Asker: 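Let me begin by handing over the structure; questions about it come next.
Bear in mind the structure is a predicted one, so any value in this text is a computation, not a measurement.
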Amino acid sequence: VCVGNLCRSPMAERFLINIIKKNTSINSEIEVSSAGLHKHNISVPENTIRVMSEAGVDLSDFQSKPVSNTLIENADLILTMTSNIKEDLLIMFPKASIKTFTLTEYVDVEGDVFDPYDGPIELYRDCAGIIERLVNLLTRKLSFSPSSPK
């Protein structure tokens, strides 16, 4: 979850989906979804599409969507990009506290994932690199990375 579901959370969603698709040992029933606290049904910025394309990930069809009761209730794990987003989400959905973490908190890394929105392409590249690294740590923690011990 991020603010607008335009940069960070779509990047994380698609990086994770790509890992799942490439690893045939992963349960095919795993669902990955992203959402934002604000805005919805908006195409992601061109810089997001471009940077993800450079990483071999297609985001051209992505449409932002808002956090909803259904998404929250159906989720086993909710990861936010910052502690502020986590706090705002838990004000909206206090019952989700047991399954809500920041992405960095969940993978034992300090800090938050910065928002590149409206910045130069280099910020988007830096953000995508950070998110890709964090998603790889996440897959190891969830034990479905190709490099994870079985």
Side-chain angles (χ1 to χ4, degrees), residues 1-53 55 57-119 123-124 126-145 148:
V1 176
C2 66
V3 174
N5 195 219
L6 297 172
C7 303
R8 297 170 289 178
S9 57
M11 288 177 183
E13 173 189 321
R14 293 294 169 94
F15 278 132
L16 186 53
I17 287 171
N18 275 5
I19 290 169
I20 291 169
K21 283 181 180 177
K22 290 177 183 176
N23 189 339
T24 57
S25 67
I26 298 173
N27 182 339
S28 62
E29 294 179 18
I30 293 174
E31 291 183 38
V32 178
S33 185
S34 65
L37 296 179
H38 308 290
K39 300 183 181 178
H40 56 87
N41 297 321
I42 300 170
S43 298
V44 297
E46 185 58 39
N47 280 347
T48 305
I49 294 169
R50 184 172 163 200
V51 165
M52 292 302 285
S53 178
V57 179
D58 182 22
L59 257 179
S60 61
D61 63 341
F62 190 88
Q63 292 289 308
S64 67
K65 64 180 175 277
V67 173
S68 67
N69 282 324
T70 302
L71 280 174
I72 297 299
E73 289 171 9
N74 291 337
D76 294 317
L77 176 64
I78 301 165
L79 301 171
T80 67
M81 293 295 148
T82 69
S83 55
N84 287 340
I85 294 168
K86 176 184 170 183
E87 290 170 15
D88 290 347
L89 183 76
L90 292 177
I91 290 169
M92 297 166 62
F93 305 98
K95 291 181 182 177
S97 64
I98 196 159
K99 59 184 177 180
T100 303
F101 307 86
T102 68
L103 175 57
T104 54
E105 170 187 31
Y106 196 76
V107 298
D108 300 317
V109 173
E110 292 289 321
D112 288 330
V113 179
F114 73 90
D115 190 355
Y117 187 75
D118 263 351
L123 278 182
Y124 284 79
D126 291 346
C127 183
I130 290 166
I131 291 172
E132 185 174 27
R133 180 176 64 86
L134 293 170
V135 167
N136 283 325
L137 291 171
L138 174 65
T139 61
R140 285 195 284 279
K141 182 167 184 162
L142 297 175
S143 299
F144 58 74
S145 171
S148 294

Asker: Heavy atoms, side chains only, cut-off 4.5 Å: are V44 and M52 in contact?
Answerer: no
Asker: Quick one: pull up CG in N136 and CZ in F15 and give me the separation to the nearest 0.5 Å.
Answerer: 8.5 Å
Asker: Which pair of heavy atoms, one from S9 and one from M81, lies closest together, and at what distance?
Answerer: CA-CE, 4.1 Å
Asker: Please find the pair of heavy atoms, one from F93 and one from N69, that lie closest to each other, and give the distance.
Answerer: CE2-OD1, 2.9 Å
Asker: Which residues pass the salt bridge (charged side-chain N to carboxylate O under 4.0 Å, His left out) test with D118, not counting sequence neighbours?
Answerer: none
Asker: Tell me, do C7 and C2 make a side-chain contact under 4.5 Å, heavy atoms counted?
Answerer: no
Asker: Give a yes or no answer on whether the side chain of K95 reaches the backbone of E73 with a donor-acceptor pair at less than 3.5 Å.
Answerer: no
Asker: If we only count heavy atoms from C-beta on, is the L79 to L138 side-chain gap below 4.5 Å?
Answerer: yes
Asker: Roughly how far apart are I20 CD1 and E31 CD, rounded to 0.5 Å?
Answerer: 10.0 Å
Asker: Taking atom types as modelled and ignoring hydrogens, do the side chains of D58 and S60 form a donor-acceptor contact shorter than 3.5 angstrom?
Answerer: yes
Asker: Could you tell me which non-hydrogen atom of P10 sits nearest to which non-hydrogen atom of L59, and how far apart they are?
Answerer: CB-CD2, 4.0 Å
Asker: Less than 4.5 Å apart, any side-chain heavy atom of R8 and any of P116?
Answerer: yes
Asker: To the closest 0.5 Å, what do you measure between OG1 (T80) and CD (E87)?
Answerer: 9.0 Å
Asker: Can you sort out the partners of D112 under salt bridge (charged side-chain N to carboxylate O under 4.0 Å, His left out), two or more places apart, ordered by chain and number?
Answerer: none
Asker: If I take atom NE2 from residue H38 and atom CD1 from residue I85, how far apart are they, to the nearest 0.5 angstrom?
Answerer: 8.5 Å
Asker: Looking at every non-hydrogen atom in both residues, tell me the closest pair between P94 and I91 and how far apart they are.
Answerer: CD-O, 3.8 Å
Asker: What closest approach, in Å, do F62 and E13 show between heavy atoms, and which atom pair accounts for it?
Answerer: CE1-OE1, 3.4 Å
Asker: Does CG in D76 sit with more than 12 non-hydrogen atoms of other residues, nucleotides or ligands closer than 6.0 Å?
Answerer: no
Asker: Does a sphere of radius 6.0 Å around CG in L77 hold more than 12 heavy atoms from other residues, nucleotides or ligands, not counting ones at 6.0 Å or beyond?
Answerer: yes
Asker: Show the nearest heavy-atom pair for residues A35 and N5, with the distance to one decimal.
Answerer: N-ND2, 3.3 Å
Asker: Answer yes or no: is there a side-chain heavy-atom contact under 4.5 Å between L137 and R140?
Answerer: yes
Asker: If you define the side chain from C-beta out and look only at heavy atoms, does anything of I42 sit under 4.5 Å from L6?
Answerer: yes
Asker: Nearest 0.5 Å, please: how far is CE in M92 from CG in D88?
Answerer: 8.5 Å
Asker: Quick check: does any side chain N or O of N74 sit under 3.5 Å from a backbone N or O of T70, one acting as donor and the other as acceptor?
Answerer: yes
Asker: Taking atom types as modelled, is there a side-chain donor on T104 or T102 under 3.5 Å from an acceptor on the other?
Answerer: yes
Asker: How many angstroms lie between atom OH of Y117 and atom CG of N47, to the nearest 0.5 angstrom?
Answerer: 11.0 Å
Asker: With a 4.5 Å heavy-atom cut-off, do L89 and I72 have their side chains touching?
Answerer: yes
